[in-house]
There are 2 protein chains.
Amino acid sequence: MTDRNAAQSSELEATDRAILRELLRDGRCSFTDLGERVGLSVSAVHQRVRRLEQRGALRGYTARVDGEQIGLPLTAFISLTPIDPAAPDDYPQRLEHLSEIESCFSVAGDESYILQVRVASPLALEDLLRQIRESAKVSTRTTVVLSTPFENRAPEL
Amino acid sequence: MTDRNAAQSSELEATDRAILRELLRDGRCSFTDLGERVGLSVSAVHQRVRRLEQRGALRGYTARVDGEQIGLPLTAFISLTPIDPAAPDDYPQRLEHLSEIESCFSVAGDESYILQVRVASPLALEDLLRQIRESAKVSTRTTVVLSTPFENRAPEL
DNA sequence: TCTGAAAGTCACGAAGG
DNA sequence: CCTTCGTGACTTTCAGA
């Protein structure tokens with residue numbers, strides 16, 4: 001066995017973590033480079049990446065884009081509190097269609113959900129808030145982001 | 001001129017937005033595919049992508065990785081309030097070295113900053129909170145994420 | 001799970017309109 | 001800003017260990 005038999009394919013081995021580390025740093029890194037960096041042949045890396053994709057450890061790849069330059073300079077966090085505490089908890093589905101909502105977290109604490117949103121302007125935020133309240137029957141508390149010292153840093157693997 | 005002359009290279013043109021849309025969907029998409037999808041030759045797309053990278057609209061590429069499978073199943077938001085309101089505002093620099101902190105937002109509202117963190121366990125979170133308080137001389141308020149209905153969705157371009 | 005080789009695809013710069 | 005074209009690099013598969 002490997003380390004501690006990796007609890008039914010749960011924990012990742014060193015080489016796989018090295019691969020993920022490189023792909024987090026550069027999602028377009030070639031298999032050739034990847035192979036050199038982790039000390040494996042091109043085909044071996046190729047197989048491992050495919051396996052990581054199939055396992056779901058590697059969910060995909062995406063570009064990192066500048067919010068300002070694409071015309072969405074305003075980020076905010078919106079906390080949700082259900083108006084009717086007895087209503088069924090289907091808030092995520094009710095909000096899914098609003099593309100301005102980047103992330104939706106179910107949380108412990110005073111509020112039920114935290115939404116991370118990105119919009120073009122204060123006016124667009126006002127409109128989004130109206131749509132959220134209408135779609136989900138919730139009251140909202142909004143925290144506007146002034147600046148982002150850093151964001152989406154890669155975790156240490 | 002184009003649309004409204006794009007306010008000094010600020011706004012993006014339709015083809016560039018189409019390219020970003022595709023790269024947000026699949027960060028490893030080949031230039032060949034990209035060209036077909038946006039209706040341009042391979043070289044033209046290549047040039048545009050390079051230009052977008054130089055402009056800073058395209059900041060890079062990254063893999064999307066499953067938090068659970070890499071051994072970091074716990075996400076939380078931590079709000080920061082300075083203990084000494086007169087202290088210099090260098091909190092981001094003081095916290096930068098803590099790799100568990102994925103994002104750091106300066107916000108308007110009751111608190112000064114919101115941190116998004118990812119850790120292995122409640123114990124690791126406790127330890128991180130201690131380090132944050134020590135490093136930045138702040139009091140903290142923590143909201144634990146129970147589940148994530150959706151996260152990091154691509155914005156509508 | 002690895003390696004090495006073969007075949008097909010792709011990246012990327014040059015030249016030109 | 002676009003196209004076409006050519007070369008070298010890369011991806012992907014497969015056989016073998």
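Numbered from 1 within each chain, the chains take letters A, B, ... in sequence-line order. Here the structure is a predicted model, which is why all the values come from computation and not from measurement. Scope of the values below: all heavy atoms of this structure, side chains included, with no hydrogens, waters or symmetry mates.
In this structure, CZ of B:Arg51 is placed 4 Å from P of D:dC1, rounded to the nearest angstrom. Per the geometry, CG belonging to A:Leu23 stands 11 Å off P belonging to D:dT11, to the nearest Å. Between the CD atom of A:Glu36 and the P atom of D:dC10 there is a distance of 8 Å, given to the nearest Å. Between A:Glu53 atom CD and D:dT11 atom P the separation is 13 Å, expressed in whole Å. Protein atom CD1 of B:Ile19 is 13 Å distant from nucleotide atom C1' of D:dC2, rounded to whole Å. A:Gln47 has its CD atom 10 Å from the P atom of D:dT13, to the nearest Å. One can place CZ of B:Arg48 at 14 Å from C1' of D:dT3, the figure rounded to the nearest angstrom.
The 12-atom threshold is exceeded at CD of B:Glu151, counting heavy atoms of other residues, nucleotides or ligands nearer than 6.0 Å. Enclosure of atom CG in A:Asp89 by more than 12 non-hydrogen atoms of other residues, nucleotides or ligands within 6.0 angstrom is indicated. Within a 6.0 Å radius of CG in A:Asp110, other residues, nucleotides and ligands contribute 12 heavy atoms or fewer. Around CD of B:Glu156, the count of heavy atoms belonging to other residues, nucleotides or ligands within 6.0 Å does not exceed 12.
If one axis is set at each end of the helix from C:dT1-D:dA17 to C:dG17-D:dC1 from five pairs, those axes are 30° apart, to 10°.
The salt bridge (Lys or Arg N to Asp or Glu O under 4.0 Å) contacts involving residues 18-27 of chain B comprise B:Glu22-B:Arg25, B:Glu22-B:Arg37, where partners must be two or more places apart or lie in separate chains.
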Protein N or O to nucleotides 10-12 of chain C N or O, pairs below 3.5 Å:
{"unit_1": "C:dA11", "atom_1": "OP1", "unit_2": "B:Phe31", "atom_2": "N", "d": "2.8"}
{"unit_1": "C:dA11", "atom_1": "OP2", "unit_2": "B:Phe31", "atom_2": "N", "d": "3.3"}
{"unit_1": "C:dA11", "atom_1": "OP2", "unit_2": "B:Thr32", "atom_2": "N", "d": "3.2"}
{"unit_1": "C:dA11", "atom_1": "OP2", "unit_2": "B:Thr32", "atom_2": "OG1", "d": "3.1"}
{"unit_1": "C:dC12", "atom_1": "OP2", "unit_2": "B:His46", "atom_2": "NE2", "d": "2.9"}
{"unit_1": "C:dC12", "atom_1": "OP2", "unit_2": "B:Arg50", "atom_2": "NH2", "d": "2.7"}
{"unit_1": "C:dC12", "atom_1": "O5'", "unit_2": "B:His46", "atom_2": "NE2", "d": "3.3"}

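In the model, B:Thr140 has a side-chain atom that pairs as donor or acceptor with a side-chain atom of B:Arg133 under 3.5 Å. In this structure, a donor-acceptor pair under 3.5 Å is present between the side chains of B:Tyr61 and B:Glu53.
Geometric assessment of B:Arg94 against the ring of B:Tyr91 yields a negative cation-pi assignment under the 6.0 Å and 45° thresholds.
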